[in-house]
Participant: 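So that we are looking at the same thing, I have put the structure below in C-alpha cells.
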Amino acid sequence: MNLLLKSVTIADPNSKYNGQQCDVRIEAGRITAVSAAGTAADVTNDVEVIEGKGLVLSPGFFDLNCSVGDPGYETREDITTATAAAAAGGFTGIAVLPDTAPVVQSKAQVEYIKNRASGGLVSVYPLGAVSQNREGKELAEMYDMKLAGAVAFTDGDKPIADDGFMSRAMQYAKGFGSLIMTYPENKSIAGKSQVNESGTSVLLGMKGIPALAEEMHVSRDLFLAEHYEAPVHISTISTAGVVELMRSAKAKGLKVSCDVAAHHLVWTEELLNDFDSNYKVKPPLRGQADVEALRRGLKDGTIDAVVSQHRPHEIEFKAVEFEIASYGVTGLQTTLSLLLQAGLEGEEIARVLALNPRNLLKLEVPVITEDTAANVVLYDPVGEWTYTEENNRSKSANTPLMNKTLTGKVRLVCNNNQIETYG
C-alpha cells in the first residue's frame with residue numbers, strides 16, 4: 001500500500017521537519033517525500049490519501065518492558081496477540097521479558113522468539129535472563145544469548161537481591177557491552193505486602209510496601225554502577241525518592257538510566273479503595289506527590305523512557321480477592337492515552353516512547369525524513385475511543401480501562417513495509 005499523509009504534524013526531535021505540518025508520501029515501505037502541508041503533487045490511483053490535519057506523525061513507539069508468555073503461558077498471551085495489541089497501541093517494536101516457561105536463558109530460546117516473531121509489522125526483541133531460572137544465584141548464558149540476538153538482560157519482575165551476584169553480573173555484561181535492567185525492590189523490607197505503605201494502606205487494613213524498599217535497592221545498584229563504571233537500567237521506578245536518586249546519579253556522570261510505567265504517571269493509591277484487583281500492580285500505586293515527581297522527572301530528562309509494563313493474565317488470576325490476585329495490567333493499547341492524560345505532548349511522547357528506548361538498547365532509531373524506512377505511528381491526540389472487548393487485541397483483559405472512553409487514538413502504524421490502519 002502506498003500512502004499520502006496530508007497536513008500531518010511531525011513529532012520527531014531528530015527530524016528537520018519536527019513541529020511542522022507536512023505532506024508525507026510513503027511508497028513500498030519507505031518515506032519518499034516530505035513537503036510543506038498542501039504542496040504534495042497529485043496522486044495516482046494506487047495511492048491512498050489520508051487527511052491528517054490535527055493528527056500527529058511520530059516515529060513508531062517502542063516498549064522496553066512487555067510480558068508475552070510465549071513459550072509456556074500462551075493462554076494469557078502469545079507473540080501473535082501481543083504484537084497485534086502493540087500495533088493497535090502505536091508500537092512498532094517491543095522488548096519481551098524472559099518470564100516464560102522455560103525462562104529465556106539460552107541461545108536456543110532467544111532464537112525461538114526471533115523465529116516466532118519474524119516477518120511481522122511489529123519488531124520483537126528478546127531480553128535474556130540475568131540468572132538461571134531468574135533465581136539470582138547463577139549467571140545465565142548471557143554472552144551466547146547476546147550473539148543470538150538478545151538486546152539486554154533482566155530477571156523481569158524478580159529483583160536481584162544478592163549484592164555479590166549483582167556485582168558479578170554487571171561486570172560480566174560490561175565486558176561484552178550489554179545492559180543489565182533491574183527491577184528495584186528490597187524484598188527483606190517489602191516482605192509480602194501488596195500496596196503502598198501510607199494512610200491509605202492503614203485504612204484498607206493491608207500491610208504496605210514502603211518507598212524505602214525501592215529506594216534502598218536503587219541505591220545499591222547506583223553504588224555498584226559507580227564502583228564498576230558499568231551501565232545499569234532501573235525498570236519501572238515509582239517513588240519521588242528514586243527520582244532524586246537518579247537525578248543525583250546522572251549529575252555525577254554515572255552510566256545509569258530508568259523508566260516508568262505509564263500508569264504510574266496517572267493512577268494513585270486512592271483507586272484501591274474499592275479493592276479492584278485490576279489496579280493491583282507492582283511496584284504498587286503510590287501517592288499524588290510521587291506521581292507529580294515522576295512527571296517532573298520525565299520532563300526534565302531524569303527518567304529516560306515510558307513503558308507499558310504489559311502484564312496479561314487469564315481471568316481467574318484477576319477476578320478474585322485482592323490479596324490473592326496477580327499483579328499487573330494489560331497496557332499496550334492504553335499507554336498513549338495515559339501519557340496524554342499525564343500532560344505529555346507530541347515531541348515529549350516521541351522522545352520517551354520512541355527514541356530513548358531504542359537508544360538505550362543501541363538499536364537503529366527511525367527518523368521521519370526523505371529516503372528512510374517508514375517506521376511511524378499516526379495518531380489523533382484529541383480523538384476519543386472506547387476500549388472494549390471487541391477492539392482489545394490481547395488475549396487478556398485485566399485492565400480497569402476496559403469499557404472506558406479514552407483520549408488519544410492511533411490511526412495508523414507502518415513498519416517493515418507493512419501498514420495497519422484503525423478506524
Participant: Is it true that atom CD1 of I315 has more than 12 heavy atoms of other residues, nucleotides or ligands lying nearer than 6.0 Å?
Facilitator: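 Not buried by this count: 12 neighbours or fewer within 6.0 Å.
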Participant: Would you mind telling me which of K192, R220, K282 makes a salt bridge (Lys or Arg N to Asp or Glu O under 4.0 Å) with E185?
Facilitator: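 Only one of K192, R220, K282 forms a salt bridge (Lys or Arg N to Asp or Glu O under 4.0 Å) with E185, namely K282.
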Participant: If you measure from NE2 on H227 to CE on M170, what distance do you get to the nearest 0.5 Å?
Facilitator: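 Rounded to the nearest 0.5 Å, the NE2-CE separation comes out at 10.5 Å.
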Participant: Does the side chain of L3 reach to within under 4.5 Å of the side chain of M1, using non-hydrogen atoms?
Facilitator: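 Yes, their side chains come closer than 4.5 Å.
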Participant: As an exercise, state the distance from CG of L401 to OH of Y387, rounded to the nearest 0.5 Å.
Facilitator: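 So the CG of L401 and the OH of Y387 are separated by 8.0 Å.
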Participant: So, is the end of the K409 side chain (NZ or CZ) under 6.0 Å from the ring centre of Y379 and within 45° of the ring's axis?
Facilitator: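 No, K409 and Y379 do not form such a contact.
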Participant: Run D99 and R134 through salt bridge (charged side-chain N to carboxylate O under 4.0 Å, His left out) and show every step you take.
Facilitator: CA-CA 8 Å; D99 58 343; R134 303 195 299 140; 5.3 Å; no
Participant: Measuring from L64:CG to L361:CG, what's the distance to the nearest 0.5 Å?
Facilitator: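 Answer for the CG-CG pair, L64 versus L361, is 5.5 Å.
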Participant: Any chance you could measure T369, atom OG1, to N14, atom CG, to the nearest 0.5 Å?
Facilitator: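 Spacing of OG1 (T369) from CG (N14) equals 11.0 Å.
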Participant: Quick one, I31 and R25 - any side-chain contact, counting heavy atoms below 4.5 Å?
Facilitator: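 No, every pair of side-chain atoms sits at 4.5 Å or beyond.
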Participant: So how far is it from T302 OG1 to L245 CG, rounded to the nearest 0.5 Å?
Facilitator: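 Answer rounded to 0.5 Å: 11.0 Å.
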Participant: What heavy-atom pair brings T80 and R116 nearest, and what distance separates the two atoms?
Facilitator: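 Reported closest heavy-atom pair: OG1-NH2, 4.4 Å.
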Participant: We want to know whether T399 and N278 form a side-chain donor-acceptor pair, criterion being a heavy-atom distance below 3.5 angstrom.
Facilitator: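 No.
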Participant: For atom NZ of K174, decide whether the heavy atoms of other residues, nucleotides or ligands shown that lie under 6.0 angstrom number more than 12.
Facilitator: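 Correct, the count exceeds 12.
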Participant: Check the pair S123 / N416 against side chain to side chain donor-acceptor pair (under 3.5 Å), numbers first and verdict last.
Facilitator: CA-CA 8 Å; S123 300; N416 296 330; 3.2 Å; yes
Participant: Before giving the answer on salt bridge (charged side-chain N to carboxylate O under 4.0 Å, His left out), spell out for R76 and E74 the whole-Å C-alpha distance, their side-chain angles and the decisive distance to 0.1 Å.
Facilitator: CA-CA 5 Å; R76 70 189 188 199; E74 291 92 345; over 6 Å; no
Participant: Okay, side chain of S337, backbone of T407: is any donor-acceptor separation there less than 3.5 Å?
Facilitator: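 Yes; judged by distance alone, with no hydrogens or angles, the pair exists.
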Participant: Where do N115 and S118 come nearest, in terms of heavy atoms and distance?
Facilitator: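 Heavy-atom minimum between the residues: O-OG, 3.1 Å.
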Participant: Have a look at C258 and tell me which of T236, V242, I303 forms a side chain to side chain contact (heavy atoms under 4.5 Å, CB included) with it.
Facilitator: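 Single side chain to side chain contact (heavy atoms under 4.5 Å, CB included) partner of C258 among T236, V242, I303: I303.
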Participant: Have K137 and Q132 got a donor and an acceptor in their side chains that come within less than 3.5 Å?
Facilitator: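 Judged by distance alone, the side chains do not pair up.
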Participant: When you look at V124 and V96, which way does the side-chain contact (heavy atoms from CB on, under 4.5 Å) test go after all the steps?
Facilitator: CA-CA 7 Å; V124 178; V96 296; 3.8 Å; yes
Participant: Report yes or no: does S396 contribute a side-chain atom to a donor-acceptor pair with the main-chain N or O of H313 at less than 3.5 Å?
Facilitator: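 Looks like yes, one N/O pair under 3.5 Å.
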Participant: Please give me the minimum heavy-atom distance between S178 and F153, naming the atom from each residue.
Facilitator: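 For S178 versus F153, the nearest heavy atoms are OG-CE1, 3.5 Å.
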Participant: Minimum heavy-atom separation for L57 to I368, with atom names?
Facilitator: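 Scanning both residues completely, I find the closest heavy atoms to be O-CD1, 3.5 Å.
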Participant: Tell me, yes or no, whether the heavy-atom count around F223 atom CZ, taken from other residues, nucleotides or ligands under 6.0 Å, exceeds 12.
Facilitator: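 Incorrect, the count does not exceed 12.
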Participant: Verify whether one side chain among Q309 and H264 offers a donor that lies under 3.5 Å from an acceptor in the other.
Facilitator: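 Absent: no donor and acceptor within the cut-off.
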Participant: Verify the distance criterion only: is there a donor paired with an acceptor across the side chains of E384 and T405 at less than 3.5 Å?
Facilitator: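 Note: E384 and T405 side chains miss the donor-acceptor criterion.
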Participant: Side chains of T9 and L55, heavy atoms from C-beta outward: is any pair under 4.5 Å?
Facilitator: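 A side-chain contact under 4.5 Å is absent here.
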Participant: Can T81 and E77 be counted as having a side-chain donor-acceptor contact under 3.5 angstrom?
Facilitator: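 Yes.
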Participant: Within the side chain of E348, is there an N or O that forms a donor-acceptor pair under 3.5 Å with the backbone of L344?
Facilitator: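 No, E348 side chain to L344 backbone: no donor-acceptor pair under 3.5 Å.
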Participant: Is it the case that more than 12 heavy atoms not belonging to E270 sit under 6.0 Å from its CD atom?
Facilitator: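 Result for CD/E270: enclosed.
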Participant: With no hydrogens and no angle check, just 3.5 Å: does a side-chain donor-acceptor pair link N392 and S394?
Facilitator: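 Side-chain D/A pair, N392 to S394: absent.
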Participant: State, without any angle test, whether D70 and Y112 hold a side-chain donor-acceptor pair at a distance under 3.5 Å.
Facilitator: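 On atom types as modelled, these side chains qualify, holding a pair under 3.5 Å.
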Participant: Looking at CG of D221 and CD1 of I180, how far apart are the two atoms once the value is rounded to the nearest 0.5 Å?
Facilitator: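 D221 CG to I180 CD1: 10.0 Å, rounded to 0.5 Å.
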Participant: Strictly below 4.0 Å, N to O, side chains only: are R286 and E269 in salt-bridge contact?
Facilitator: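 Not counted as a salt bridge, because no side-chain N and carboxylate O are separated by less than 4.0 Å.
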Participant: Look at atom CD of E389 and say whether more than 12 heavy atoms of other residues, nucleotides or ligands are closer to it than 6.0 Å.
Facilitator: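 Counting other residues, nucleotides and ligands, CD of E389 stays at 12 neighbours or fewer.
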Participant: Are any of the side-chain heavy atoms of M206 and E323 separated by less than 4.5 Å?
Facilitator: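 Heavy-atom side-chain distance check passes, below 4.5 Å.
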Participant: Give every residue pair that meets the salt bridge (Lys or Arg N to Asp or Glu O under 4.0 Å) criterion with at least one member in residues 139-159, sequence neighbours excluded.
Facilitator: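 The answer is D157-R311.
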Participant: Looking only at heavy atoms, what is the nearest atom pair of G128 and A150, with distance?
Facilitator: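 Answer, listing the atom of G128 first, then A150: N-CB, 4.1 Å.
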Participant: Salt bridge check, R358 against E364: does any charged N sit closer than 4.0 Å to a carboxylate O?
Facilitator: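 Not counted as a salt bridge, because no side-chain N and carboxylate O are separated by less than 4.0 Å.
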Participant: Do the side-chain N and O atoms of N18 and E347 include a donor-acceptor pair separated by under 3.5 angstrom?
Facilitator: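 Side chains of N18 and E347: pair found under 3.5 Å.
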Participant: Do S308 and N65 make a side-chain contact, defined as non-hydrogen atoms from C-beta onward lying under 4.5 Å apart?
Facilitator: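 Sidechains of N65 and S308: no contact.
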Participant: Any salt bridge between K250 and D304, counting N to O under 4.0 Å?
Facilitator: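 Here K250 pairs with D304 in a salt bridge, since their nearest N and O are under 4.0 Å apart.
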Participant: Do T330 and H310 meet the criterion of a side-chain donor-acceptor pair at a distance under 3.5 Å?
Facilitator: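 Checked: T330/H310 side chains show no N/O donor-acceptor pair below 3.5 Å.
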Participant: Answer with yes or no whether the side chains of D290 and T239 bring together a donor and an acceptor at under 3.5 Å.
Facilitator: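 Per modelled atom types, T239 and D290 side chains form no pair under 3.5 Å.
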Participant: Examine the side chains of T75 and E314 and answer whether a donor and an acceptor come within less than 3.5 Å of each other.
Facilitator: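 Yes, a side-chain donor-acceptor pair sits under 3.5 Å.
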Participant: Is the ring pair Y279/W267 parallel, tilted or perpendicular, if the boundaries are 30 and 60 degrees?
Facilitator: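 Rings of Y279 and W267: perpendicular, as their planes differ by over 60°.
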Participant: Can you find a heavy atom in the side chain of V243 that is under 4.5 Å from one in the side chain of R296?
Facilitator: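 With C-beta onward as the side chain, the pair stays apart.
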Participant: Count the heavy atoms belonging to other residues, nucleotides or ligands that lie under 6.0 Å from CZ of F322, then report whether that count exceeds 12.
Facilitator: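 Count over threshold, so yes.
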Participant: Under the criterion side chain to side chain donor-acceptor pair (under 3.5 Å), I'd like the reasoning laid out for K280 against Q194: C-alpha separation, chi angles, the key distance, then a yes or no.
Facilitator: CA-CA 8 Å; K280 184 179 180 180; Q194 301 181 17; 2.7 Å; yes
Participant: Counting only heavy atoms not in K299, do more than 12 sit closer than 6.0 Å to its NZ atom?
Facilitator: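 Above 12, so yes.
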Participant: For residues P231 and S257, determine if any side-chain heavy atom of one lies less than 4.5 Å from a side-chain heavy atom of the other.
Facilitator: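 Of all side-chain heavy-atom pairs linking S257 with P231, none is under 4.5 Å.
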Participant: L222 and L254: which non-hydrogen atoms are nearest, and at how many Å?
Facilitator: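 Shortest heavy-atom contact: O-CD2, 3.5 Å.
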Participant: Is any side-chain heavy atom of S238 less than 4.5 Å from a side-chain heavy atom of E214?
Facilitator: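 S238 reaches E214 side chain to side chain.
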Participant: Please state whether the rings of F62 and Y125 are parallel, tilted or perpendicular, taking 30° and 60° as the class boundaries.
Facilitator: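 The rings of F62 and Y125 sit tilted, inter-plane angle from 30° to 60°.
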Participant: Using a strict threshold of under 4.0 Å (side-chain N to carboxylate O), is an ion pair present between E244 and R247?
Facilitator: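 Looking at R247 and E244, the cut-off is met.
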Participant: Counting only heavy atoms not in Q171, do more than 12 sit closer than 6.0 Å to its CD atom?
Facilitator: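 Yes, the 6.0 Å shell around CD holds more than 12 heavy atoms from other groups.
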Participant: Show your reasoning for whether side-chain contact (heavy atoms from CB on, under 4.5 Å) applies to I26 and V376.
Facilitator: CA-CA 10 Å; I26 298 174; V376 295; 4.3 Å; yes
